[in-house]
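Working notes for the structure below.
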There are 2 protein chains.
Amino acid sequence: MTEQSFQGLHQTPIHALPDHVGKTVLLQGWLYNLRSKGKLHFLQVRDGSGIVQAVMSKADVSEQDFEAVKGLTQESSLRVVGEVKADERAPSGVELSVRSVSVVHVAEPYPIAKKEHGPDFLLSNRHLWLRSKRQMAILRIRDEVVRAIRDFFHERGFYCVDSPMFTPSACEGTTTLFELDYFEGDKAYLTQSGQLYGEASAMALGKVYVFGPVFRAEKSKTRRHLTEFWMVEPEAAWHDLDDVMVLAEEFVAHIVSRVLANRKSELADLERDVTKLEPATRTPYPRMTYHEAVDYLHANGHADFERGDDFGAPHETALSAPYDRPVMVHHWPAEIKAFYMKRDPADPSLALGVDMICSEGYGEIIGGAQREDDVAELEQRIAEHQLPAEAFEWFLDLRRYGSVPHGGFGLGLERTLAWICGVDHLRECIPFPRMLHRIYP
Amino acid sequence: MTEQSFQGLHQTPIHALPDHVGKTVLLQGWLYNLRSKGKLHFLQVRDGSGIVQAVMSKADVSEQDFEAVKGLTQESSLRVVGEVKADERAPSGVELSVRSVSVVHVAEPYPIAKKEHGPDFLLSNRHLWLRSKRQMAILRIRDEVVRAIRDFFHERGFYCVDSPMFTPSACEGTTTLFELDYFEGDKAYLTQSGQLYGEASAMALGKVYVFGPVFRAEKSKTRRHLTEFWMVEPEAAWHDLDDVMVLAEEFVAHIVSRVLANRKSELADLERDVTKLEPATRTPYPRMTYHEAVDYLHANGHADFERGDDFGAPHETALSAPYDRPVMVHHWPAEIKAFYMKRDPADPSLALGVDMICSEGYGEIIGGAQREDDVAELEQRIAEHQLPAEAFEWFLDLRRYGSVPHGGFGLGLERTLAWICGVDHLRECIPFPRMLHRIYP
């Protein structure tokens, strides 16, 4: 007999219960909460797909079943057979009228109580913390966003190409690289971006996206830093800066639309104000050049901002404040952007780069650019940035054999999730966060 | 003007040309091959989505365009405007009658000629090798398999959960672990499997899958070894060994069906005999216990096989030979399997594990099991295997707080691709392979 069935019934996921009103079903899950009142037990049962209230009346069940539930600990696992009843008061619109319960395992007293815990305690118990309503909601939204990302690119003819984790060289400097011994004294570095490999793949497949973990050995201990996180990086031949910006805004609008359409109850669990997200489903997004952005800052409370500098968090918040959706800042001073960005032919002091800054102070989620496609220009940049030329020979080859205008961007998954979920700290946006001093569990 | 348009036309991908017969379209891509004959140029143009023949007649184009193509080097990039014509002789059913050509970049003489190259040369030029018809076919099939994997699990209510790359301890021994300095002298190890994290997540979300890169510091230099590769690992509460086997065979059948349905022309480019794959679309797959498998080996040319040992490649080939689809071997001697596998209650010398072995000698693609769900049993195994107990405290917690029967498996993406594509060496099944002595490009 399969574990998914019991008493001749096959397991029904809780999220599907509204389709089974009037039917007798089997739930398998964990006790999320228990209230008992005389001859009634009210069990909140969770199974991963949702939470439902199961009402157990002493008159409807065996004496033994009724006693087994009395005082049952949170997170005990159990099988519940009962009838699905419509109930307008329930968030899901249904509750279960229990016929029988089989306790599978009585949990030890559960360490995560309803009271507030400090972040260190919760992070050390991340394997259990994931079972809270809030964390499950974030995980399910993450799953939705991951699928929305892949669907978006597939529907537009982009192929998924996985870039390597072990790289021989740094894409943008070496100070935040994790280094390791590869074999026999060879050094390898963990990737910070799959972009260069995305460019090579785009010259083969036309339009590609890289989507995987990337690493940053940053000694910062802020709510915006993780040492490993996931990044999606589309790269497309025949795309200039304008094409990249259109792709970026359509992409973010698609992701937000999917979450709003399919994860309503999770957003409600997170008490997210969805009216703040809805405008981001509509394109175009506002655009301004870097210099226009600086003018705005100078006129709006940031008179001391030095033109030519990169924006900090307060500047990003100020720039996005007038808008109800993300804003794109383009045409950046070349000196503060990466070596591989193409210069503006009309003003070579500018790089054809773009950053997308979220509303509500959630900061930058996208960095993108049109890439330098001229081999001589690129060789010069590599020399100017004092990068090891031989490590970039293969990258230069892409400009030697049928160079084409091309561009792309990178979107940080956890930052995007933080914004969509309305969560302050990135540590809640990845199942097992890795930070300075944190690699357990 | 966007880079995706030219002469008022928007770029049409080559794979979509059969829908545009009689229309004038813009192609943007690279010259894959050129034959010239008097007043005709025959250009094979590739754009990543496909390859098409573009026929350029001197009478139809400007003198300048005709001259520009003469002697044009392979991989030069170009824009071609022409009329789509039905042509039964063409593999795609269409060819292009050229009206104008604009050469974007004249490629330097291309290093990858039609002649045979050694693997070292090709691997050092992997960024260019990807542009060959064979490699593009494998990449597109990889993209299809990745999507088939994610669609399969989503349709069955599994959530995607990303496990960490940095781990504090080894899942199965430390000899093949990559170690690195994390911060301030702390050691971290690169993950070999996301399974333990998948188990924790399954206790939160019910059914999950982990899909990401994993690492093995193996000093083997064989066609079956990569130091980083991708693995997908579903894990489900309330699944016993039988449920795991049903899930595994339905999963593999789904993947093969999707590739056969959507990647016909790529399989043709690879000259794959699809009649060898078709039986794998049908379930159930044959099953045998480990001891039945040993009996078979003893009776069929492997009399010297030591009962209790793990199978080597020749044994796997022999076991799969009688079948037209993958075969599953289950109920293994516990000593040769991982500590976390549940013992068979009927015979504790056996572990409730399963391996799936591919047909045609492609070997094992899946390893799975029902997991030990009793905390005392698991503590004993960890001690027997001399694993550091404190590193597994969180894993033991999963058996302290609502333990349930559960199981899952891992499928190696590149091994599965090697089988489906009929490719001997894993190095062709990942965009940028990493092996002993190979992390460039």
Side-chain angles (χ1 to χ4, degrees), chain A residues 2-4 13 28 30 47-49 75-77 104-105 107-108 110 127-128 130-131 136 139-140 143 146 154 157 159-162 164-166 168 178 180 182-183 188 197 200-201 204-206 213 228 230 238-240 242-243 394 397 400-405 431-432 434 436 439-441, chain B residues 2-4 13 28 30 47-49 75-77 104-105 107-108 110 127-128 130-131 136 139-140 143 146-147 157 159-162 164-166 168 178 180 182-183 188 197 200-201 204-206 213 228 230 238-240 242-243 394 397 400-405 431-432 434 436 439-441:
Chain A
T2 161
E3 276 292 335
Q4 295 166 86
Q28 302 195 118
W30 295 266
D47 71 350
S49 81
E75 286 302 317
S76 291
S77 50
V104 175
H105 179 249
E108 295 181 19
Y110 196 58
H127 55 295
L128 302 175
L130 291 177
R131 304 182 186 189
M136 286 192 294
L139 287 178
R140 285 199 288 255
D143 168 82
V146 169
H154 172 64
Y159 296 98
C160 163
V161 172
D162 297 307
M165 301 295 112
F166 290 135
F178 282 108
L180 78 163
Y182 195 65
F183 289 105
Y197 297 97
S201 309
L205 294 175
E228 59 168 88
W230 282 62
W238 314 104
H239 275 50
D240 61 18
D242 196 60
D243 295 319
W394 69 272
D397 274 355
R400 294 180 180 124
Y401 304 105
S403 192
V404 302
F432 295 92
R434 297 305 188 230
L436 187 66
I439 52 170
Y440 178 94
Chain B
T2 161
E3 275 293 336
Q4 294 165 87
Q28 302 194 118
W30 295 265
D47 71 350
S49 82
E75 286 303 317
S76 291
S77 49
V104 175
H105 179 248
E108 294 181 19
Y110 197 57
H127 54 295
L128 301 176
L130 291 178
R131 303 182 186 189
M136 286 193 294
L139 287 179
R140 285 199 288 255
D143 168 82
V146 168
R147 286 189 304 108
Y159 297 98
C160 162
V161 172
D162 298 306
M165 302 293 112
F166 291 134
F178 282 107
L180 78 162
Y182 195 65
F183 289 104
Y197 297 96
S201 308
L205 293 175
E228 59 169 87
W230 283 62
W238 314 103
H239 275 50
D240 61 17
D242 196 59
D243 296 319
W394 69 271
D397 274 356
R400 294 181 179 123
Y401 304 105
S403 191
V404 302
F432 295 91
R434 296 306 188 230
L436 186 65
I439 53 169
Y440 178 95

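Every chain is numbered from 1, with letters handed out A, B, ... down the list of sequences. Quantities reported herein were computed from a predicted structural model and do not represent experimental measurements.
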A/W30 and B/G402: which non-hydrogen atoms are nearest, and at how many Å? NE1-O, 2.8 Å

Measure the NE2-OG1 distance between B/H239 and A/T2 for me, rounded to the nearest 0.5 Å. 7.0 Å

So, do A/E108 and B/R400 sit near enough that their side-chain heavy atoms are less than 4.5 Å apart? yes

Most contact-rich option vs chain B, by heavy-atom pairs under 4.5 angstrom, among A/V161, A/D143, A/V404, A/V146, is A/D143

Can you say whether A/L130 sits under 4.5 Å from chain B via the side chain, the backbone, both, or neither, judging by heavy atoms? both

In short, B/E228 meets A/P164 closest at the heavy-atom pair OE2-CA, 3.3 Å

Donor-acceptor under 3.5 Å (B/R434 side chain, A/F166 main chain): yes

Sorted by chain and number, sequence neighbours left out, ring pair (Phe, Tyr, Trp, His ring centres under 6.0 Å) with B/Y197 holds for A/F432, B/W394

Quick one: what part of A/F183 sits under 4.5 Å from any heavy atom of chain B, side chain, backbone, both or neither? side chain

Toward chain A, the part of B/P405 with a non-hydrogen atom under 4.5 Å: side chain

Give, for atom CE of B/M165 and atom CE of A/M165, the distance between the pair rounded to the nearest 0.5 Å. 7.5 Å

What part of A/S403 is in contact with chain B, defined as an atom under 4.5 angstrom from a non-hydrogen atom: side chain, backbone, both or neither? both

I'd like to check B/H105 versus A/Y401 (side-chain heavy atoms, cut-off strictly below 4.5 Å). Are they in contact? no

Measure distances from B/L128 to the heavy atoms of chain A and classify the residue's part below 4.5 Å as side chain, backbone, both or neither. side chain

Identify which of B/S201, B/G206, B/G157, B/A107 forms the greatest number of heavy-atom pairs closer than 4.5 Å to chain A. B/A107

Validation row: B/D243, A/Q4 side chains within 4.5 angstrom (heavy atoms): yes

Residues A/L436 and B/Y182: closest non-hydrogen pair is N-OH, 4.3 Å

If every non-hydrogen atom of B/D397 is compared with every non-hydrogen atom of A/H127, which pair is closest and at what distance? OD2-NE2, 2.8 Å

Is any side-chain heavy atom of B/L205 less than 4.5 Å from a side-chain heavy atom of A/R140? yes

Looking only at B/Y440, B/Y159, B/W238, the option with the highest number of non-hydrogen pairs under 4.5 Å against chain A is B/W238

Given heavy-atom pairs under 4.5 angstrom as the criterion, report whether the side chain, backbone, both or neither of A/D162 touches chain B. both

Count the heavy-atom pairs under 4.5 Å between each of A/A200, A/P441, A/C160 and chain B, then report the option with the highest count. A/P441

